Protein chains: 2
Amino acid sequence: MPYPAPFRPFGVPETNDPDVQDDPKIELENDDLWKTFHKIGTEMVITKTGRRIFPAYKAKISGLDKKSKYILLLDIVPCDDCRYKFHNGKWMVAGKADPEMPKRMYIHPDSPCTGEQWMQKPVSFHKLKLTNNISDKSGAAILNSMHKYQPRIHLVRASDLLRMAYSPNKTFVFEETQFIAVTAYQNEKITQLKIDHNPFAKGFRENGGGRGKK
Amino acid sequence: MPYPAPFRPFGVPETNDPDVQDDPKIELENDDLWKTFHKIGTEMVITKTGRRIFPAYKAKISGLDKKSKYILLLDIVPCDDCRYKFHNGKWMVAGKADPEMPKRMYIHPDSPCTGEQWMQKPVSFHKLKLTNNISDKSGAAILNSMHKYQPRIHLVRASDLLRMAYSPNKTFVFEETQFIAVTAYQNEKITQLKIDHNPFAKGFRENGGGRGKK
DNA sequence: ATCTTTCCCACCTAGGTGTGAACC
DNA sequence: ATGGTTCACACCTAGGTGGGAAAG
């Protein structure tokens, strides 16, 4: 696994509440859609003001202790040390990566909250945005265009953000959510998948009364 | 490639520290507008699914300790023991009040958060909704139609919702925010003020290209 | 030349308004 | 009859889409 877990794992004796039993699991709610994109090579647009990721990152969580409190986080880290280009219909390595900005943690806005509530319904990170603006103050993830990234989810058993760094935790990585950041789509198959599935792009669907595709 | 450290160590302010010096003050950001409504007799529509209050409740906070954490709450309590009716262009007492539902506290979604952040910019409760649906599960305030109410703000110095009950606090009441709950506007002067000032009602403005007022 | 980025736009989703007729 | 409540609706605000021209 190329993405080392950054935190202390669950199951380590906990001085605060040694009785808590949990074995957290996470799966993607919309795994099929992610895999459809992944097969072709997912691209995510980044802009100055920030653009959402699509498909949305939706997690189904299980195995938590109902009464304990958990914090859920997402970050996006580089997959490798390469810069890419899209050439002759394929993504190819095109040199060494540009310097990365320090990565931010996106705290799920419901955090902290009880295991029972986290497990109740799928958790969505749809408000997360991506940007190439290194001066961004809005909380968007700052990425380099034409670089490949991997989103990760971190689950922490802690009642308080202040105690997060010393609490049991587990990291979840889904390879089908890897993507290449772009300022404009390169692969028109990806463009078409976005148009087909993102409700906000309905205006570009052929059968949606939109203006079609040129 | 080294992944960035996921957690910066937080500074750990201790909010129960007896040394903390604060003298909280709150004023309404949009006091003029509230007073314009108050002079005529503010009405707020309540519906089954919940309706926002307008004007929005915007508070400017000062005098907090920058590093301590505070929780901000709003509740809406009956002004008196009366039921009202609108008769001959005036609000008049029309009997004894109906039984009230237990009142909920609306926790400002940013809570808890540092004094510095609360004071940084005016705090808005614009997402708060009013309803007459006693089965409401959405978090709206449940009120009786044709009764008079007073919103109140509560400021609590506490880092954690669980400690709220034992923490220093202060309540702020602005009489110009009193209103009578209605299912349909009674005073057409209030209707007109809402149309004139609420951007969502722009379609009803005479000079807005809307369909006018019949 | 070629490749990447920026900007404005028409077109959507999502949801907050009072209206006026219908309902109770 | 009277007066309060509900509902679908046209009309807005607010903001998320990719396109395509222009700029870098």
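None of the values given here were measured: they were computed from a predicted structure. Atom set for the values below is all heavy atoms of this structure, side chains included, hydrogens, waters and symmetry mates excluded. Proteins get letters first, then strands, A, B, ... in listed order; numbering begins at 1 in each.
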Interatomic distance where [atom1] belongs to [X] and [atom2] belongs to [N] [whole Å]:
X: B/Ile180; N: D/dG3; atom1: CD1; atom2: P; value: 17 Å
X: A/Gln192; N: D/dG18; atom1: CD; atom2: C1'; value: 11 Å
X: A/His197; N: D/dG16; atom1: NE2; atom2: C1'; value: 18 Å
X: B/Asp98; N: D/dG4; atom1: CG; atom2: P; value: 13 Å
X: A/Glu206; N: D/dG18; atom1: CD; atom2: P; value: 16 Å

Looking at every strand, decide which applies to A/Thr191 at a 4.0 Å heavy-atom threshold: base, sugar-phosphate, or nothing.
sugar-phosphate
Phosphate OP1/OP2 of D/dT13 contacted by B/Lys202 side-chain N/O (<4.0 Å)
yes
Can you see if the side chain of B/Lys194 gets near the phosphate of C/dT17 - specifically, an N or O under 4.0 Å from OP1 or OP2?
no
Check this for me: does any side-chain nitrogen of one of B/Asp98 and B/Arg83 sit under 4.0 Å from a carboxylate oxygen of the other?
yes
Is a salt bridge present between A/Arg104 and A/Asp75, judged by a nitrogen-to-oxygen distance below 4.0 Å?
no
Mapping A/Gln186 and A/Phe200 onto DNA chain C by nearest heavy atom, which one lands closer to the 5' end?
A/Gln186
Note: contacts of residues 128-150 of chain B with DNA chain C (heavy atom, under 4.0 Å) are B/Lys129
Interface residues of residues 40-54 of chain A with DNA chain C (non-hydrogen, below 4.0 angstrom)
A/Lys48
Do the ring planes of B/Phe125 and B/Tyr57 sit parallel (below 30°), tilted (30 to 60°) or perpendicular (above 60°)?
perpendicular
Nearest heavy atom decides the nucleotide; on that basis, is B/Tyr84 or A/Ala201 closer to the 5' end of DNA chain D?
B/Tyr84
What do the steps show when you test B/Phe86 against B/Trp91 for ring-ring contact (aromatic ring centres under 6.0 Å, His included), and what is the final call?
CA-CA 4 Å; B/Phe86 192 73; B/Trp91 284 102; 5.2 Å; yes
Using atom types as modelled and distance alone, determine if a side-chain donor or acceptor of B/Lys189 lies under 3.5 Å from a backbone N or O of B/Gly41.
no
Taking A/Asp65 for the side chain and A/Ser68 for the main chain, is one N or O donor matched with an acceptor at less than 3.5 Å?
yes
Which nucleotide wins on minimum distance to the side chain of A/Thr183, given the candidates D/dC12, C/dT13, C/dT6?
C/dT6
Before giving the answer on side-chain contact (heavy atoms from CB on, under 4.5 Å), spell out for A/Lys129 and A/Ile46 the whole-Å C-alpha distance, their side-chain angles and the decisive distance to 0.1 Å.
CA-CA 8 Å; A/Lys129 290 188 174 182; A/Ile46 57 180; over 6 Å; no
Compute whether any side-chain donor of one residue and acceptor of the other, for A/Asp136 and A/Ser138, lie under 3.5 angstrom apart.
yes
Applying salt bridge (charged side-chain N to carboxylate O under 4.0 Å, His left out), can you list everything that pairs with B/Lys96, at least two apart in sequence or on another chain?
B/Asp81
